Participant: 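Before we start, here is the structure in question, set down as structure tokens.
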Amino acid sequence: MTVELPTGRTRSRSRTVRAPGGLSLRAEPRALLTGLLLAAAAAALSVVLIGTGDFEIAPADVVQTLLGNGTPAQDFIVNDLRLPRVLVALLVGAALGMAGAVFQSVSRNPLGSPDLLGFGYGSVVGALLVIVLFKGGATAVAGGALVGGLVTGVLIYVLSYKRGIHGYRLVLVGIGASAMLIAGIQWLLTKAQFVEATRAMVWLTGSLAGRDWSQVWPLLGTCAVLFPLVLSQGRALRIAEMGDDAAYALGVRVERMRMLLMLAAVLLTTAAAAAAGPISFVALAAPQLARRLTRSPGSNPATGALMGSVLLLLSDWASQRAFGADQLPVGVLTGLVGGAYLLWLLVTERRAGRI
């Protein structure tokens, strides 16, 4: 059920569901239905993607194998080779979608994405330092990406802070930090030897190829801790979108909430980069697409996460099937599609007079 706003936009009408014991839950029927449909789409895409490859497996056989009723060959292909890749895609997409929803809500700007604010580039610099200077292995590279993203996040927050965080100031500082970090990336690549430079370029594209359970478990643990934390602050985040004064009047500790959520979003972004490399534009597009589907006046981290999973799964399937034997890394495809989406978003925002 929706209600028409004076501006011509629509928003979901929420309903309060009361449970035994005096507990209550506010739910938006359209957002709930959208979330269920996105979850079903993610599950269906996962089954299709697991069956995709040189050895095709029918969706029914994939489900039977996941339930433990497949042949030994199917069990090896599904559970050992393809399931970890799909789980990484699900978790990386969800982490980026939720992080993008948080940043866009905190900055009150549709361009407030980790891709554009420099957090992703911070992870890249950290990973390249490990690859180029220390010749570290996969675990060390993941750790470098995590540290680089965290350090970048702290610096951007400190530089953006002036009696609170203002959305456009955060975006401008992030864009400036991105430019500096890109220069650092280019410098590191020029200093690298041939082997390290090749390895760095492979990592920089962002790919799900070759992912195994060693990438799944750390990412799953991070998401299991941070997803409930972000969702628990959803009401405060929506209230803060009305303005700091209104939020303070309603009892929301705005700066504490922002710091907590930005830290969680930075950790989600860096964990995703550590698992699959810098996959661009999912964090930018997923919250915006979810917002249009739910017709919500603000960002919704839950539907943003589900949309992120669907986008990344769909991109991975397309990268494997749409280009024949020349499979593209998924980061290349998201960059191509995301660049076109960014241009469309800029034109839309300009016509609306918001930029």
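Remember, predicted model here, so these are calculated numbers, not experimental data. The residues of the chain are indexed from 1 along the displayed sequence.
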Participant: Taking Leu90's backbone N and O only, do any of them form a donor-acceptor pair with Ser309's side chain (distance below 3.5 Å, no angle check)?
Facilitator: yes

Participant: For the residue pair Ala142 and Ala274, what are the closest heavy atoms and their distance?
Facilitator: O-CB, 3.6 Å

Participant: Establish whether Leu289 and Ile279 are linked, either directly or via other cluster members, by ILVMFWY side-chain heavy-atom contacts under 4.5 Å.
Facilitator: yes

Participant: Calculate, to the nearest 0.5 Å, the distance between atoms NZ and CG belonging to Lys191 and Leu128 respectively.
Facilitator: 14.5 Å

Participant: Can you check whether Glu196 reaches Gln193 side chain to side chain, under 4.5 Å on heavy atoms?
Facilitator: yes

Participant: Any pair with a residue in residues 51-60 that passes salt bridge (Lys or Arg N to Asp or Glu O under 4.0 Å), sequence neighbours left out, goes on the list, sorted by first then second residue, please.
Facilitator: Glu56-Arg321

Participant: Ile131 and Ile185: same hydrophobic cluster, using ILVMFWY side-chain contacts below 4.5 Å?
Facilitator: yes

Participant: Do you reckon Leu159 sits in the same ILVMFWY cluster as Ile182, going by side-chain contacts under 4.5 Å, direct or chained?
Facilitator: no

Participant: Under the side chain to side chain contact (heavy atoms under 4.5 Å, CB included) rule, what do Val92 and Leu219 come out as? Steps first, then yes or no, please.
Facilitator: CA-CA 8 Å; Val92 167; Leu219 184 58; 3.5 Å; yes

Participant: Any side-chain donor-acceptor pair under 3.5 Å between Gln74 and Gln64?
Facilitator: no

Participant: May I ask whether Val310 and Val62 are part of the same hydrophobic cluster, defined by side-chain heavy atoms of I, L, V, M, F, W, Y residues being less than 4.5 angstrom apart, directly or through others?
Facilitator: yes

Participant: Side-chain contact test, heavy atoms from C-beta onward, threshold under 4.5 Å: evaluate it for Arg82 versus Phe55 and give yes or no.
Facilitator: yes

Participant: Quick check on side-chain contact (heavy atoms from CB on, under 4.5 Å): which of Asp75, Asp61, Asn79 does Leu66 satisfy it with?
Facilitator: Asn79

Participant: Between Ser123 and Ala145 (side chain of the first, backbone of the second, donor and acceptor by atom type, cut-off under 3.5 Å), is there such a pair?
Facilitator: yes

Participant: Ignoring hydrogens, what is the shortest heavy-atom contact between Ala89 and Leu208? Give both atom names and the distance.
Facilitator: CB-CD1, 3.6 Å

Participant: To the nearest 0.5 Å, tell me how far Met262 CE sits from Thr269 OG1.
Facilitator: 10.0 Å

Participant: Gly144 and Val130: which non-hydrogen atoms are nearest, and at how many Å?
Facilitator: CA-CG2, 3.8 Å

Participant: Do Trp213 and Val216 have side chains that get closer than 4.5 Å, going by heavy atoms?
Facilitator: yes

Participant: Roughly how far apart are Trp317 CH2 and Ile50 CD1, rounded to 0.5 Å?
Facilitator: 15.5 Å

Participant: Could you state the interatomic distance from CE (Met201) to CG (Leu189), rounded to the nearest 0.5 Å?
Facilitator: 6.5 Å

Participant: Using the test salt bridge (Lys or Arg N to Asp or Glu O under 4.0 Å), find all partners of Arg85 that sit at least two apart in sequence or belong to another chain.
Facilitator: Asp316

Participant: Would you confirm whether Thr52, through its side chain, and Val48, through its main-chain N or O, come within 3.5 Å as a donor-acceptor pair?
Facilitator: yes

Participant: Answer yes or no: does atom CZ of Phe119 have more than 12 heavy-atom neighbours from other residues, nucleotides or ligands under 6.0 Å?
Facilitator: yes

Participant: Given side chains that start at C-beta, do those of Leu231 and Pro301 come closer than 4.5 Å, heavy atoms only?
Facilitator: yes

Participant: Should Ser113 and Phe281 count as side-chain neighbours, where that means a heavy-atom distance under 4.5 Å?
Facilitator: no

Participant: Same cluster or not: are Leu293 and Trp344 linked, directly or through other Ile, Leu, Val, Met, Phe, Trp or Tyr residues, by side-chain heavy atoms under 4.5 angstrom apart?
Facilitator: yes

Participant: So which heavy atom on Gly122 is nearest to which on Thr152, and how close?
Facilitator: CA-OG1, 3.1 Å

Participant: Take atom NZ in Lys135; do more than 12 heavy atoms of anything else shown fall under 6.0 Å from it?
Facilitator: yes

Participant: Run the side chain to side chain contact (heavy atoms under 4.5 Å, CB included) check on Val266 and Tyr157 step by step: do they pass?
Facilitator: CA-CA 11 Å; Val266 169; Tyr157 184 88; over 6 Å; no

Participant: Any side-chain heavy atom of Met307 within less than 4.5 Å of one from Leu311?
Facilitator: yes

Participant: Between Val86 and Leu313, does a side chain to side chain contact (heavy atoms under 4.5 Å, CB included) hold up when you go through it step by step?
Facilitator: CA-CA 7 Å; Val86 171; Leu313 287 169; 4.0 Å; yes

Participant: Show your reasoning for whether side chain to side chain contact (heavy atoms under 4.5 Å, CB included) applies to Arg291 and Asn300.
Facilitator: CA-CA 7 Å; Arg291 183 174 178 176; Asn300 188 321; over 6 Å; no

Participant: Measure from the side-chain N and O atoms of Ser232 to the backbone N and O of Leu229, and report whether any donor-acceptor pair falls under 3.5 Å.
Facilitator: yes

Participant: Would one find more than 12 heavy atoms of other residues, nucleotides or ligands at under 6.0 Å from atom CH2 of Trp217?
Facilitator: no

Participant: Heavy-atom distance under 4.5 Å between the side chains of Asp212 and Gln215, does that happen here?
Facilitator: yes

Participant: What are the two closest heavy atoms between Ser207 and Val330, and how far apart are they?
Facilitator: CA-CG1, 4.1 Å

Participant: What are the two closest non-hydrogen atoms of Phe227 and Ala95, and how far apart are they?
Facilitator: CZ-N, 3.9 Å

Participant: For Arg292, does the CZ atom sit with more than 12 other heavy atoms under 6.0 Å from it, leaving out its own atoms?
Facilitator: yes

Participant: Under a 4.5 Å cut-off applied to non-hydrogen side-chain atoms, are Gln320 and Leu49 in contact?
Facilitator: yes

Participant: Can you tell me how far the CG atom of Leu91 sits from the CG atom of Leu220, to the nearest 0.5 Å?
Facilitator: 5.5 Å

Participant: What's the spacing between Ile77 CD1 and Thr65 OG1 if we round to 0.5 Å?
Facilitator: 9.0 Å

